[in-house]
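Chain naming here is simple, since letters A, B, ... match the order of the sequence lines and numbering starts at 1 in each. On a predicted model such as this, the values are computed, not experimentally measured, just so you know.
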Amino acid sequence: MSIDNAKTITFISRSTPYGHGRAKACLDMVLSAAVFEQKINFIFMDDGVWQLKKGQTPSNIDAKDLSAAFAALPLYEVNDLYVEASAIEERGLSLDELVVPAQAIESAKIAELISLSDVVFTL
Amino acid sequence: MKLTVLVHAAPYSSQAAYSAYRFSASALAAGHEIYRLFFYYDGVHNSNSLSIQAQDEFDLIAAWRTLIDTHQLDAISCVSSALKRGILDAQEAARYEKSASNLAEEFTLSGLGQLVEASMMSDRVVSFGG
């Protein structure tokens, strides 16, 4: 696939990592897009910010640990990771508790990223 | 305009898949092209040929099948989503030694790369499912 066609794709993930399958489904979409060398923004909003929390032990509920995959995103050249600042704050989280470096941004910046994207996927 | 339609909601549980169908049919009627229909996550249930509706209810899966057949659309159900949810074509049923297959013949099982490729080739990607 020629990367001449590369598009800016923004993924917005808003769900907890293990309550249902959306977080994993969104992550799989991101990894597929990365294989096709698209320009990717990955934004975590609302409860989605929990996906990046360090110290997950989902084996207790027989779930596969997603956080290892998030930590590996830079290996896929997915470096533009964002968390909604208010979502982090409301949940008492801090950026140094995340498994991968992410930039905290306000909603206006999220709107800007969306407006600059060719395609937006929300799960 | 060249469109890709992404459906990640199951039929009947919510209106999303029905809305996707109505949008697709309307877009075609208005002269737009649908580059690909991609069914992901719970959306793969739209390709289950064993679903049965009460006679006085709208049969969304039959409607999808007619739309795809009439317009010769490229309709793909995500293979990993489908296998998890028991939507198999004959080849996968044989591979995993299952007793039956149920993917409606108008659909094809394939990977998420098909969604990414469709996103690259389309003017717009329209998603249905909350």
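Between the side chains of A:Tyr18 and A:Asp65, at least one donor N or O lies within less than 3.5 Å of an accepting N or O.
Other residues, nucleotides and ligands place more than 12 heavy atoms under 6.0 Å from the CD atom of B:Glu33.
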**OP:** Would you sort out whether A:Asp96 and A:Lys54 count as a salt bridge (charged side-chain N to carboxylate O under 4.0 Å, His left out), showing the intermediate values?
**Re:** CA-CA 9 Å; A:Asp96 55 16; A:Lys54 282 179 185 164; over 6 Å; no

**OP:** Show the numbers, then the answer: is there a salt bridge (charged side-chain N to carboxylate O under 4.0 Å, His left out) between B:Arg95 and B:Glu92?
**Re:** CA-CA 5 Å; B:Arg95 186 203 311 267; B:Glu92 297 296 338; 3.0 Å; yes

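Both the backbone and the side chain of A:Arg22 have a heavy atom closer than 4.5 Å to some heavy atom of chain B. Heavy atoms of A:Val119 lying under 4.5 Å from chain B belong exclusively to its side chain. Neither the backbone nor the side chain of B:Thr4 comes within contact range of chain A; no heavy atoms are under 4.5 Å apart. If you measure heavy-atom distances from A:Leu123 to chain B, the contacts under 4.5 Å come from the side chain alone. With a 4.5 Å cut-off on non-hydrogen atoms, B:Ser127 touches chain A through its side chain but not through its backbone. Heavy atoms of A:Asp28 lying under 4.5 Å from chain B belong to its backbone as well as its side chain.
Taking non-hydrogen atoms and a 4.5 Å limit, the residue list of residues 108-115 of chain B in contact with chain A, ordered by number, reads B:Leu112, B:Gly113, B:Leu115.
Under the 30°/60° scheme for interplanar angles, the aromatic rings of B:Phe58 and B:Tyr18 are found to stand perpendicular.
Side chain of B:Asp69 to main chain of B:Glu106: no donor-acceptor pair is present (N/O by atom type, distance under 3.5 Å, no hydrogens or angles). With hydrogens and angles ignored, the 3.5 Å screen pairs a side-chain donor or acceptor of B:Ser81 with a backbone N or O of B:Tyr41.
A continuous path of hydrophobic side-chain contacts links A:Trp50 to A:Leu95 [ILVMFWY only; heavy atoms under 4.5 Å].
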Scan the side chains in residues 68-80 of chain A for donor-acceptor partners under 3.5 Å anywhere in the protein, sequence neighbours excluded, and list what turns up.
unit_1: A:Asp80; atom_1: OD2; unit_2: A:Lys39; atom_2: NZ; d: 2.9

